[in-house]
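Residue numbers begin at 1 in each chain, while the letters A, B, ... track the order of the sequences.
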Number of protein chains: 2
Amino acid sequence: MAGSTGGDGQAAPTIYDVARAAGVAASTVSRAFARPARVNAETAGRIRRIAEEMGYRTNPLARALLNERSSMIALAISDITNPYCFEIIRGAQAAAMEVGYTMLLADGQESDRLERETLDRAARTVEGIVLASTRMSDTSIRMMAKLRPLIVLNRAVAGVPSVVTDYRHGMREAVEHLHGLGHSHITYLAGPEAAWSDGIRWQALREAGVEWGLRLHRLGPYPPTMLGGVAAADDFWRRSTSAVIAYNDLVALGLLRGLSAAGVRVPQDVSVVGCDNIFGTDLVTPGLTTLAAPLRFLGRTAVQSLLALISGAQPPVDKPVSIPTRLVVRASTDERRPARLAPPAIPVRPPISTPAGTPAT
Amino acid sequence: MAGSTGGDGQAAPTIYDVARAAGVAASTVSRAFARPARVNAETAGRIRRIAEEMGYRTNPLARALLNERSSMIALAISDITNPYCFEIIRGAQAAAMEVGYTMLLADGQESDRLERETLDRAARTVEGIVLASTRMSDTSIRMMAKLRPLIVLNRAVAGVPSVVTDYRHGMREAVEHLHGLGHSHITYLAGPEAAWSDGIRWQALREAGVEWGLRLHRLGPYPPTMLGGVAAADDFWRRSTSAVIAYNDLVALGLLRGLSAAGVRVPQDVSVVGCDNIFGTDLVTPGLTTLAAPLRFLGRTAVQSLLALISGAQPPVDKPVSIPTRLVVRASTDERRPARLAPPAIPVRPPISTPAGTPAT
DNA sequence: TCGAAGGTGGCAAGAGGTTGTCGTCCGTTG
DNA sequence: CAACGGACGACAACCTCTTGCCACCTTCGA
């Protein structure tokens with residue numbers, strides 16, 4: 001029961017220990033692992049066996065010190081509690097692990113400064129960086145990119161390679177879907193002005209709107225959180241349309257809540273569409289129709305691009321890798337009913353008590 | 001626009017570069033940062049200034065190589081897409097960052113083997129490990145603990161220090177709450193038999209049940225996922241009680257879905273209580289009453305304990321740090337109505353389409 | 001004025017791998 | 001039998017920072 005608490009029974013064996021046990025030089029042990037072809041197959045086998053017995057593992061630090069190959073990459077996230085990030089992290093982690101890389105997670109906690117500090121510390125250690133959702137400025141990003149191979153996710157920074165979501169296809173589907181249900185007038189609830197993805201989504205929506213001959217309104221910007229969505233529900237009454245597309249799912253979820261508290265029925269009175277397809281969108285009633293971003297695939301692709309970059313590939317810096325979205329239809333969208341209820345006299349703002357903070361895309 | 005793609009404009013400056021620029025020896029530069037008292041204040045100041053100008057940062061790898069202080073810790077998670085983990089990660093990350101540590105995330109992807117492999121690789125690099133939700137056996141954990149300082153979260157392993165959630169208080173609250181609503185008979189939906197927390201929760205429930213004179217039933221085990229909860233909804237009909245406590249929130253959410261599809265109303269027909277208070281529990285209709293674990297605080301506490309362990313503290317290995325839960329009452333629990341609906345003839349199993357996988361605690 | 005003490009800074013030896021270069025050994029061929 | 005070539009393993013330098021030890025200089029007391 002007195003189990004050893006602190007680790008470090010004795011120092012871990014090194015190549016020197018293995019070399020002594022095997023009766024060869026340390027360099028031979030090193031090569032037996034790193035360049036098996038360079039060593040007699042039999043010798044190599046013996047060395048490996050002995051190393052195995054001794055519990056030898058190569059020390060990544062020592063290796064990294066010499067040739068900058070630490071087998072680590074960093075993933076920077078502006079806020080880890082944002083459900084938008086979960087699947088990205090998962091995809092990135094999986095892709096990294098497949099090729100024997102370890103992932104270091106840098107959570108910026110919504111702070112530009114914290115994010116830069118963390119990355120600054122980590123930059124020397126890792127071989128490359130994926131900025132998955134960052135609060136940093138283009139300038140900071142470019143400086144960082146000069147220091148280390150770097151991929152930006154869902155953002156375009158001139159001169160820095162990126163992997164982005166292509167909302168055009170999905171947005172067209174969404175508009176077509178709404179058009180097919182008889183909606184002719186759509187409100188867009190905008191996200192933060194600084195958010196690159198907000199601009200892109202709005203642009204995709206406008207293109208699709210033109211194509212299908214729909215009228216569009218833009219409200220906002222709102223904070224990309226559930227609270228932002230609740231606030232949007234209030235404003236929405238001013239220029240109420242029969243269909244809404246929200247900047248992201250959190251805003252859409254907040255909107256659902258706000259509308260429900262105000263006595264507006266979804267989808268009977270208003271059809272609501274979100275973006276991203278995060279965890280929770282099919283838990284609400286009605287289930288949220290949303291533009292599903294392939295988040296896990298996005299994370300995976302970013303890491304793979306980064307690894308390519310690390311191994312010397314010259315990626316197209318001005319033409320980002322682009323991954324299409326698709327529409328997931330759930331219950332929050334339905335046929336337009338011409339007879340709309342009059343808005344209630346006093347829209348009520350319901351209390352929010354989310355366990356997690358509910359931050360931005 | 002041709003922006004540098006690959007990082008490494010030129011090699012980062014080392015203490016030697018700084019030393020040359022400052023006209024001192026490299027060792028003096030090193031000391032100027034690591035042991036300022038050992039160097040003339042003026043000299044130290046000059047060195048720092050020059051280092052700053054040159055953009056020098058100390059290379060954590062080189063330092064770690066020498067004295068095992070890599071300023072990194074590893075957080076192992078069995079499945080990163082489990083919402084249960086989000087807040088833990090956040091708390092851990094924050095605590096680590098506060099003291100200048102970097103966190104390395106090891107996602108085991110639900111696989112014992114993957115988890116061990118990742119940790120094995122990372123163990124040499126980090127100063128310590130937090131096992132937040134692990135699939136590893138007690139034996140593996142003890143071996144790992146021998147290698148490195150290690151803290152287990154929400155699990156008791158003899159001889160290894162741990163931080164656990166104390167469900168007793170919260171469970172008493174939950175039972176008192178249900179008792180006060182007139183329920184006299186509670187079903188517990190069990191989680192995986194291997195899960196330490198399942199045993200603990202059940203035990204806390206039994207103690208509270210005795211105290212309040214309630215009858216208890218145990219159903220399961222079920223996979224700790226939404227699908228597990230849906231399956232539980234089917235079984236539940238066999239021994240239907242007016243109140244259910246589920247192993248965790250995912251099971252509870254699945255149960256809500258299963259019951260709803262079968263035409264059972266919550267809370268009118270059945271009151272449902274979950275565990276953990278994960279993201280999404282207040283998104284469903286009705287909102288889920290749940291035993292809230294202070295997840296973020298848990299993560300923070302684990303890291304702080306680990307850091308204490310690293311700096312030589314002797315933690316109590318057999319008396320874990322224990323953090324209490326509290327009950328969050330939402331709409332899924334209500335007064336018992338004696339007149340219960342008869343169960344429908346054919347319980348329907350609804351389709352599940354979760355964007356994220358929905359895994360275990 | 002000289003020696004001791006204390007404050008500074010430099011030298012060099014690691015920490016644990018990787019890798020260019022070279023010597024050795026063996027087998028083969030002319 | 002000598003020359004040659006290939007395969008293999010050893011040596012040593014190197015990556016960057018840390019640190020024990022020593023030398024030097026200043027200052028102060030005797």
Check the distance between [N]'s [atom2] and [X]'s [atom1] and give it to me in whole angstrom.
X	N	atom1	atom2	result
A:E68	D:dT16	CD	P	7 Å
A:I15	D:dG9	CD1	C1'	14 Å
A:R20	D:dA10	CZ	C1'	16 Å

Review point. Side chain of B:Y16, base of D:dC17: donor and acceptor closer than 3.5 Å?
Key: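 Flag set: donor-acceptor pair detected.
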Review point. Side chain of B:S27, base of C:dC11: donor and acceptor closer than 3.5 Å?
Key: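 Indeed there is one.
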How far apart are the closest heavy atoms of [X] and [Y], and which atoms are they?
X	Y	value
A:T28	A:I47	CG2-CD1, 3.8 Å
A:L131	A:A76	CD2-CB, 3.5 Å
A:V18	A:V29	CG1-CG1, 3.9 Å

Practice item. Note the angle between the end axes of the helix from C:dT1-D:dA30 to C:dG30-D:dC1, five pairs defining each, rounded to 10 degrees. Key: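 Inter-axis angle at the ends, rounded: 60°.
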Between [X] and [Y] (side chain of the first, backbone of the second, donor and acceptor by atom type, cut-off under 3.5 Å), is there such a pair?
X	Y	value
B:E127	B:I73	no
B:E87	B:L295	no
A:R142	A:A158	yes
A:N154	A:T165	yes
B:S305	B:T301	yes
B:S133	B:S78	yes

What are the atom names and distances for every N/O pair under 3.5 Å that joins the protein to nucleotides 21-23 of chain D?
residue	atom	partner	partner atom	Å
D:dC21	N4	B:R38	NH2	3.4

**Study point:** Close approaches to DNA chain C from residues 39-61 of chain B, in residue order (heavy atom, under 4.0 Å)
**Key:**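 B:V39, B:N40, B:T43 - these, ordered by number, are the residues of the stretch whose heavy atoms sit under 4.0 Å from the strand.
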Exercise for review: Pull out every residue in residues 121-129 of chain A that has a heavy atom closer than 4.0 Å to any atom of DNA chain C, ordered by number, or say none.
Suggested key: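 Contacts with DNA chain C under 4.0 Å: none.
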Exercise for review: Inspect the contact between A:R48 and A:E52 and indicate whether a charged nitrogen and a carboxylate oxygen are less than 4.0 angstrom apart.
Suggested key: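 Salt bridge absent between A:E52 and A:R48.
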Check your understanding: Is it true that A:E68 and A:R63 have a side-chain N and a carboxylate O under 4.0 angstrom from each other?
Key ->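 The answer is no: the pair does not qualify as a salt bridge.
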Review point. Hey, which of B:I89, B:I129, B:L104 is the one that makes side chain to side chain contact (heavy atoms under 4.5 Å, CB included) with B:L75?
Key: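 Single side chain to side chain contact (heavy atoms under 4.5 Å, CB included) partner of B:L75 among B:I89, B:I129, B:L104: B:I89.
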Practice item. Could you pick out which residue, B:A37 or B:L65, lies toward the 5' side of DNA chain C when each is mapped onto its nearest nucleotide? Key: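 Its nearest nucleotide lies further toward 5', so the answer is B:A37.
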Point to revise | Residues A:S140, A:S137; criterion side-chain hydrogen bond (donor to acceptor under 3.5 Å, both in side chains); working and verdict | key: CA-CA 5 Å; A:S140 298; A:S137 66; 3.1 Å; yes
Exercise answer: donor-acceptor pairs, residues 111-126 of chain B side-chain atoms, under 3.5 Å, sequence neighbours excluded:
residue	atom	partner	partner atom	Å
B:S111	OG	B:R113	N	3.2
B:S111	OG	B:L114	N	2.9
B:D112	OD1	B:R116	NH1	3.0
B:D112	OD2	B:R116	NH1	3.3
B:R113	NH1	B:E117	OE2	2.7
B:E115	OE1	B:R135	N	3.1
B:E115	OE2	B:T134	OG1	2.5
B:T118	OG1	B:L114	O	2.6
B:D120	OD2	A:R57	NE	3.4
B:D120	OD2	A:R57	NH1	2.7
B:R124	NH2	A:R57	O	3.2

Sort me out a list of protein N/O and nucleotides 24-27 of chain D N/O pairs below 3.5 Å, or just none if empty.
none

Point to revise | C:dT19 OP1/OP2 closer than 4.0 Å to side-chain N/O of A:N67 | key: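 Yes, A:N67 has a side-chain N/O under 4.0 Å of OP1/OP2 on C:dT19.
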Check your understanding: Between C:dG14, D:dG9, C:dG16, which one does the side chain of B:L66 approach most closely?
Key ->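 Closest nucleotide among those given: C:dG14.
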Practice item. Establish, yes or no, whether a centroid distance under 6.0 Å links the rings of B:F33 and B:Y56. Key: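 Yes - the distance between ring centres of B:F33 and B:Y56 falls below the 6.0 Å cut-off.
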Point to revise | Residue closer to the 5' end of DNA chain D, B:R35 versus B:A62 (nearest nucleotide) | key: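 The residue mapped nearer the 5' terminus is B:A62.
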Exercise for review: Report which part of the nucleic acid A:S30 touches: base, sugar-phosphate, or nothing (heavy-atom distance under 4.0 Å, all strands).
Suggested key: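 The answer is base, as A:S30 lies within the cut-off (heavy atoms under 4.0 Å) of a base atom.
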Point to revise | Enclosure of A:F297 CZ (heavy-atom neighbours >12, cutoff 6.0 Å) | key: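 Counting other residues, nucleotides and ligands, CZ of A:F297 stays at 12 neighbours or fewer.
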